[in-house]
Amino acid sequence: MTPIRLGVLASGRGSNLQAIIDAIESNTLDATIAVVVSNKKGSMAIERAQQHGIQDIFLDPKSMEGESNPRQVYDQKILEVLKEHEVELVLLAGYMKIVTPVLIDAYQSRMMNIHPSLLPSFPGLGAQKQALYAGVKVSGCTVHFVTEGVDEGPIILQTAVSVHEDDTVDSLSARILEQEHQLFPQAVQLFAEGRIGVEERRARVLETAP
Ligand code: GAR
């Protein structure tokens with residue numbers, strides 16, 4: 001089987017990118033990272049790509065200022081990069097920028113996001129802080145296909161994580177992150193095997209590829 005070609009969009013620390021790299025290098029994920037794109041210059045995600053000989057591209061959102069639709073123009077540039085690298089599946093791995101329909105439509109049911117809560121609870125920024133504030137006893141992480149709403153779209157996989165009485169944002173985030181690093185490569189592998197079906201708002205994990 002030819003490994004599927006991934007394009008990873010990341011803004012910061014890049015630990016989820018690293019989890020994907022590690023899964024590929026340990027042969028538990030049949031994929032190759034064709035390109036890593038970051039909206040942040042010198043991000044750790046870019047460094048990680050470079051350490052593993054992966055093509056990295058920094059696209060400066062500021063360079064689109066002055067355009068009438070800077071976010072769309074920015075996404076058009078990303079789309080060109082993804083096409084040029086023949087990307088089949090896009091991963092938002094800590095990509096802290098809202099994507100526009102320019103990308104969403106081009107990669108419908110072919111763009112995944114990871115989020116540190118059990119969606120649809122606690123979308124947006126500070127999901128772990130929101131969970132602590134709400135006093136939930138269980139939170140977790142979600143991998144879903146990207147649609148137009150922020151942290152919305154058909155849910156592919158979720159892992160639950162207990163919230164402890166003495167948890168801080170940092171301790172809860174760390175426990176959730178550990179699970180994120182397992183979940184994201186698993187979801188990508190299911191996609192690679194053709195085992196994710198999407199019907200309207202629901203994604204289903206299939207026993208075998210159709
Ligand atoms: C992760 O916890 C990811 O789930 C979250 O940002 C962190 C990025 O960490 N994403 C979101 O909150 C998206 N709404 P990383 O850069 O180390 O992968």
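As a basis for the values below, the full set of heavy atoms in this structure was taken, side chains included, without hydrogen atoms, waters or symmetry mates.
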Peer 1: Do the side chains of Met112 and Val146 get nearer than 4.5 Å, heavy atoms only?
Peer 2: no

Peer 1: Write down the atom of Glu180, the atom of Pro116, and the distance for their closest heavy-atom approach.
Peer 2: OE2-CB, 3.4 Å

Peer 1: If you define the side chain from C-beta out and look only at heavy atoms, does anything of Thr142 sit under 4.5 Å from Asn113?
Peer 2: no

Peer 1: Applying the 4.5 Å side-chain criterion to the ILVMFWY set and letting contacts propagate, would Leu177 and Ile20 be lumped into a single cluster?
Peer 2: no

Peer 1: Provide the closest heavy-atom pair for Ser117 versus Ser139 in the form atom of the first, atom of the second, distance.
Peer 2: CA-OG, 3.9 Å

Peer 1: Apply salt bridge (charged side-chain N to carboxylate O under 4.0 Å, His left out) to Asp167 and list each qualifying residue two or more places apart in sequence or on a separate chain.
Peer 2: Arg175

Peer 1: Look at the side chain of Glu148 and the backbone N and O of Pro101, then say whether any donor-acceptor pair between them is shorter than 3.5 Å.
Peer 2: no

Peer 1: Please test Leu9 against Leu103 for side chain to side chain contact (heavy atoms under 4.5 Å, CB included), starting from the C-alpha separation and ending with a verdict.
Peer 2: CA-CA 12 Å; Leu9 310 191; Leu103 275 182; 4.2 Å; yes

Peer 1: In the hydrophobic cluster built from side-chain contacts under 4.5 Å, what are the other members alongside Leu172?
Peer 2: Phe122, Leu132, Val136, Val161, Val163, Val169, Ile176

Peer 1: Should Ser171 and His164 count as side-chain neighbours, where that means a heavy-atom distance under 4.5 Å?
Peer 2: no

Peer 1: What are the two closest non-hydrogen atoms of Ala106 and Leu79, and how far apart are they?
Peer 2: CB-CD1, 3.6 Å

Peer 1: When hydrophobic residues are tied together by side-chain contacts of less than 4.5 Å, even through go-betweens, does Ile54 share a cluster with Ile57?
Peer 2: no

Peer 1: Answer yes or no: does atom CZ of Phe58 have more than 12 heavy-atom neighbours from other residues, nucleotides or ligands under 6.0 Å?
Peer 2: yes

Peer 1: Hey, can you pull the donor-acceptor pairs under 3.5 Å for the side chains in residues 65-76, sequence neighbours left out?
Peer 2:
unit_1, atom_1, unit_2, atom_2, d
Tyr74, OH, Leu59, O, 2.8
Asp75, OD2, Thr100, N, 2.7
Asp75, OD2, Thr100, OG1, 2.7

Peer 1: Please output the side-chain donor-acceptor pairs of residues 31-44 that fall under 3.5 Å, not counting sequence neighbours, one pair per line with the distance.
Peer 2:
unit_1, atom_1, unit_2, atom_2, d
Ser38, OG, Ala10, O, 2.8
Ser38, OG, Lys40, N, 3.1
Ser38, OG, Lys40, O, 3.2
Ser38, OG, Ser43, OG, 3.2
Asn39, OD1, Ser11, OG, 2.8
Ser43, OG, Lys40, O, 3.4
Ser43, OG, Ile46, N, 3.4

Peer 1: Distance-only, no hydrogens or angles: does the Thr159 side chain make a donor-acceptor pair with backbone N or O of Cys141 under 3.5 Å?
Peer 2: no

Peer 1: Please examine the side chains of Phe145 and Met111, heavy atoms only from C-beta on, and report whether any two atoms are closer than 4.5 Å.
Peer 2: no

Peer 1: Taking all non-hydrogen atoms of both residues, which atom of Ile155 and which atom of Gln158 are closest, and how far apart?
Peer 2: CG2-CG, 3.6 Å

Peer 1: Applying the 4.5 Å side-chain criterion to the ILVMFWY set and letting contacts propagate, would Phe184 and Ile4 be lumped into a single cluster?
Peer 2: yes

Peer 1: Answer yes or no: is there a side-chain heavy-atom contact under 4.5 Å between Ser15 and His181?
Peer 2: yes

Peer 1: Just distance, no hydrogens or angles: give the donor-acceptor pairs under 3.5 Å from side chains in residues 188-210, sequence neighbours left out.
Peer 2:
unit_1, atom_1, unit_2, atom_2, d
Gln189, OE1, Asp30, N, 2.8
Gln189, NE2, Asp30, OD2, 3.2
Gln189, NE2, Glu193, OE2, 2.7
Glu193, OE1, Arg195, NH1, 2.9
Arg195, NE, Leu206, O, 2.7
Arg195, NE, Glu207, O, 3.3
Arg195, NH2, Leu206, O, 3.1
Glu199, OE1, Arg204, NE, 3.4
Glu199, OE2, Arg204, NE, 3.4

Peer 1: Could you tell me whether Gln108 atom CD has more than 12 heavy atoms of other residues or ligands within 6.0 Å of it?
Peer 2: no

Peer 1: Would Gln18 and Arg13 count as a side chain to side chain contact (heavy atoms under 4.5 Å, CB included) if you check the C-alpha gap in whole Å, the side-chain angles of each, and the deciding distance to 0.1 Å?
Peer 2: CA-CA 9 Å; Gln18 188 68 53; Arg13 180 178 54 184; over 6 Å; no

Peer 1: Going by heavy atoms in the side chains, are Glu152 and Pro123 under 4.5 Å from each other?
Peer 2: no

Peer 1: Quick one: does Thr147's side chain get under 4.5 Å of Pro154's, heavy atoms only?
Peer 2: yes

Peer 1: Check Ala187 against Ile156 and note the closest heavy-atom contact, atom names and distance.
Peer 2: CB-CG2, 4.2 Å

Peer 1: Are Leu91 and Leu157 connected, step by step, through hydrophobic side chains (Ile, Leu, Val, Met, Phe, Trp, Tyr) whose heavy atoms are closer than 4.5 Å?
Peer 2: yes

Peer 1: Considering non-hydrogen atoms only, spot the tightest contact between Arg110 and Glu88 and give its length.
Peer 2: NH1-O, 3.1 Å

Peer 1: Could you work out, with salt bridge (charged side-chain N to carboxylate O under 4.0 Å, His left out) as the rule, every residue matching Arg48, not counting sequence neighbours?
Peer 2: none

Peer 1: Identify whether Val8 and Ile78 are in the same connected component of the hydrophobic contact network (ILVMFWY, side-chain heavy atoms under 4.5 Å).
Peer 2: no

Peer 1: Which residue is it: Leu89, Val90, Val87? I am looking for the one with a side-chain contact (heavy atoms from CB on, under 4.5 Å) to Leu6.
Peer 2: Leu89

